[in-house]
Amino acid sequence: MSEDKFNHKHNDKFSHVLRLADHAMILSQRLSQWCGKGPALEEDMALTNVALDLIGQARLWYSYAAELEGKGRTEDDLAFLRDAHDFHNFLLLEQPNGTYADTLMRQFLFDTWHYHYLQALQQSSDQQIAAIAEKSLKEVTYHLRRSSDLVVRLGDGTELSQKMMQAALDELWRFTGEMFMDDEVDVAMHEAGIAPLPSQLKSAWDTHLADVMHAATLHLPDASSWMHKGGRQGVHTEHMGYLLAEMQFLQRAYPGAQW
Amino acid sequence: MSEDKFNHKHNDKFSHVLRLADHAMILSQRLSQWCGKGPALEEDMALTNVALDLIGQARLWYSYAAELEGKGRTEDDLAFLRDAHDFHNFLLLEQPNGTYADTLMRQFLFDTWHYHYLQALQQSSDQQIAAIAEKSLKEVTYHLRRSSDLVVRLGDGTELSQKMMQAALDELWRFTGEMFMDDEVDVAMHEAGIAPLPSQLKSAWDTHLADVMHAATLHLPDASSWMHKGGRQGVHTEHMGYLLAEMQFLQRAYPGAQW
Amino acid sequence: SDAERAFQDRIDAGIRIEAKDWMPDAYRKTLIRQISQHAHSEIVGQLPEGNWVTRAPTLKRKAILLAKIQDEAGHGLYLYSAAETLGVSRDELLADLHSGKAKYSSIFNYPTLSWADMGAIGWLVDGSAIINQIPLCRCSYGPYSRAMIRVCKEESFHARQGYDIMMALCRGTAEQKAMAQDALNRYWWPALMMFGPSDAASVNSAQSAQWRIKLFSNDELRQRMVDQTVPQIEYLGLQLPDPAIKWNEERGHYDFGDINWDEFYQVLKGNGPCNRERLRTRVKAYEDGAWFRDALQAHADKQHDQKKSA
Amino acid sequence: SDAERAFQDRIDAGIRIEAKDWMPDAYRKTLIRQISQHAHSEIVGQLPEGNWVTRAPTLKRKAILLAKIQDEAGHGLYLYSAAETLGVSRDELLADLHSGKAKYSSIFNYPTLSWADMGAIGWLVDGSAIINQIPLCRCSYGPYSRAMIRVCKEESFHARQGYDIMMALCRGTAEQKAMAQDALNRYWWPALMMFGPSDAASVNSAQSAQWRIKLFSNDELRQRMVDQTVPQIEYLGLQLPDPAIKWNEERGHYDFGDINWDEFYQVLKGNGPCNRERLRTRVKAYEDGAWFRDALQAHADKQHDQKKSA
């Protein structure tokens, strides 16, 4: 464990920004594993585009987090030199790509949260956060439109595609709960007028999900089913360590080198 | 690239021992990926046992290599702090596990080489090398007996198993050529009476392969087909980087720590 | 019945029941359930450790971990064999595991998130297992008791090796010590839960006690684990993972906090962090291995036919 | 025939041929082969770079590499579209790729073994591609020439980015510089081979030249690449990857060593280091994606039916 987890609890704004960075970073990393292997050329391009948008957003958030921290760390230090327990992304985002149906469903479930969260974040009392949110929202609006559209077309496609999309939804559902759990960082951010409470976004998320799933002829899993949590607190799934070992190899193997 | 590749060319004995260490290390690493996932409990135990033997051998070779180098590096430094281009194992050994048929065929092809190489190495003019070879040979004799036996039983098993074993053989064949290519290190070692020339082992290898494949009702691929090479010179396949990123993570992420 | 009375008399006299002896159906069934659950735990228990074997930080640690995982497969073998003496095949037992009908220890549904978890598992999980199993070396069913003797011997090695990993981390860098603390915090409660529900909520205990296949209550064993482990935590210089832990002079035991039984039952129901992954991995291994087992059988049949016709 | 003569006259007059124009069958076939081979190269070419995108050393480099890979998919799209104007579908072209009937640039059958390879590919491979393609911006077939104009514009970015990676490595640590040298050594000869066999061994060149779909000989373009690259190597402070490289005052060009054409033909025959992996990856991607493409089609059909019945 690095110092992050133990010494920075006081710095809630740093934690908050870092979480947003980690969400974008880890999902971008997963998406980039599809490069050149998508189901159609147009899809390869679109998915790479989302990965690119997210890495751009991660860079903005990491840079701001580094500034807030004020210890001279860079965006690359934050991305490449923290171990798993210091990453604060949702468990959903680190899940393996699975089939393309799993990848798209993961994207849709996150895009819906991301869209509503950024929308609220535009009203942040922190000008920098509001500005990054506004810029990101332009991209995420497109991400959400795209993934919603694909979920509908693939849900209401063939028998096989419906089955695959339903299986993806059922598989990933247990990771959606933590997106709406408020913790002390959230409460502090909300009280400071910096960010919305995640729990406040749940009904908008539910509504969009219900609409899309209806059009997609997919069934929403039981809302009361057991939900996993821990990602934002640094308690991940076993997939996270492998993801980072690969992602961080060069920075770890050649410490201090400029690239 | 570290200094290894560029400054140690003169130290042929170091290179030679390091190659033996790397063969054992990398194959052991691949085998350990099967832990708890084998096709039968007895098989899990046996395969883990081979992985254990190999890691034991790797430790002996690395320790001796470190001693020969005389720069204060340890067995762990050699295993965990070199990048891919400084590893000198056969390409065959770094290939992904594939199906269990692929794993067994890779094992058999290597065991046959390993057995004959170690047997010759017992006569090394270097006492330490002869001693490690003798100790290793006891284990490898069992490895070869086991993998030969399994190749026969699975080749001459069901239609499916025969097909799978044949496919494994066809797939891995192109990596067997470099086991018998003499390079400058081999020539120097041979001239010093330290090791056999790899090319000298080819006919014993061929004979054992022919016997086993005959009993296994499998067909040997064309002997003149194109062979890949490069592993012993540090030019690997794309799989190697991923294998090392995973294997070396902790040593890289926590430099200098004692475990 | 007379047979049942005679059976219980033998048990009370400390005479071992052997496979060929008459035994009540319920005794047989309870044993099959208990032994197979234990066997399944050994097999599934390879997975959380297998998760770090490719990332072990030194060659020596890697070798020790490999040997441990190999031992676990061996324990699985003894235990399936012990269960088989009761007239059930390994394939039947595995089918129950794969369908979710049979259970394995819930502890293996927790993820291994750092190298320190290899220490915590050896120390706390094998430690608890030993406390559970030592009494079973004296249980009434001969094949089970003999299997337990072998298992316990090896597991005490594993527990010591786990503690050794923790020691190295606690003597290491601040980051390493934090890693050890985190592993202790995450594994402490699940390890306590390994002893099962509290006596008040425990079913079938009385009958099992009478049959001498359960020799101490869950709560007694759990207390033994806490009493044994707290001084070890202190020796490591780690913080206690439960603020309620306190020496109770009067009881001569450590008091400790309330266990979150809701979590226990959620994990049991399949909602633990890794239930799906663990079972899926085992089922996949078994299904992917079908061709292999079939082929060995087919080859053996061919050999047999050849011998007959020769 | 008259049509053929008129066709050739238009070409000689520098007038572009368009999709709807009459053209000789052989012209059409040659173009389909050439354009689709180029398209396939873009698609397969994503893979060696995709191999490092998850391991890029900085966020900025990762973003640049992602953008490059995306551009390549885009080039594939333009080029398949250009080929489609000649009356062949993308699925037919892909089927030929997957069966091994159609080729792609052999350079992508070499492995990417270090981060420096991302530099070498941008610099040497895209650099060579541009030298090949710039003349094609003026080729006789309109859709192809227009696609080439777009492609070349983006590829000159890629080449510069690749050189920038090499610069950073050569200014970096000794290890980084060694990495750059190693990448140059491994990619140099394959990059020279990208221009195809030497003119003496080249088939169909005369006809293609007459049709203005091949405007310079392989050897001319190869010489251009060497002349352009040697000073860059020197500027980077790297050693020349070929001891025979030497400025020839008389020719006004660099001399260089003999190319190992045996290796070239082996790679072409499928024996390159990664031929199997690359093709297998693409075939798997296509097959795994069938459900996706089918579903989008099925959905579109449903929408269409609804509109009709509404």
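Each chain gets a letter, A, B and so on, in the order the sequences are listed, and its residues count up from 1.
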Using every non-hydrogen atom in the two residues, find where [X] and [Y] come nearest and quote the distance to one decimal.
X: B:C35; Y: C:L47; answer: O-CD2, 4.2 Å
X: C:G289; Y: B:P39; answer: CA-CB, 3.4 Å
X: B:L52; Y: C:A63; answer: CD2-O, 3.3 Å

Could you tell me which portion of [X] (side chain, backbone, both or neither) has an atom closer than 4.5 angstrom to a non-hydrogen atom of chain B?
X: C:L77; value: both
X: C:A56; value: backbone
X: C:L169; value: side chain

[X]: which residues meet the side chain to side chain contact (heavy atoms under 4.5 Å, CB included) condition with it, sequence neighbours left out?
X: C:I149; value: C:C137
X: C:P273; value: C:Y110, C:P111
X: C:A19; value: C:T85, C:Y141

Return the option, out of C:A73, C:A298, C:G50, C:A168, with the maximum number of heavy-atom pairs under 4.5 Å with chain B. C:A73
Taken to the nearest 0.5 Å, the spacing of B:L150 CG from C:F292 CZ works out to 5.0 Å
Distance-only check: which donor-acceptor pairs of chain C and chain B lie under 3.5 Å?
residue	atom	partner	partner atom	Å
C:T54	O	B:Q29	NE2	2.9
C:T54	OG1	B:E246	OE2	2.5
C:P57	O	B:Q251	NE2	2.7
C:L59	N	B:D76	OD1	2.9
C:R61	NE	B:W259	O	2.6
C:R61	NH2	B:W259	O	3.0
C:K62	NZ	B:Q29	OE1	2.8
C:Q70	NE2	B:M45	O	3.1
C:Q70	NE2	B:N49	OD1	3.1
C:R90	NH1	B:E42	OE1	3.3
C:R90	NH2	B:E42	OE2	2.3
C:Q176	NE2	B:Q258	O	2.8
C:R282	NH1	B:G36	O	2.5
C:R293	NH1	B:P39	O	2.8
C:H299	ND1	B:D156	O	2.9
C:K302	NZ	B:D156	O	3.4
C:K302	NZ	B:D156	OD1	2.8
C:K302	NZ	B:G157	O	3.0

Is [X] in contact with chain C via its backbone, its side chain, both, or neither, using a 4.5 Å heavy-atom distance?
X: B:L104; result: side chain
X: B:A46; result: neither
X: B:A79; result: side chain

Just so I understand: if I count every heavy-atom pair under 4.5 Å between each of B:I55, B:L250, B:L41 and chain C, which residue has the most? B:L41
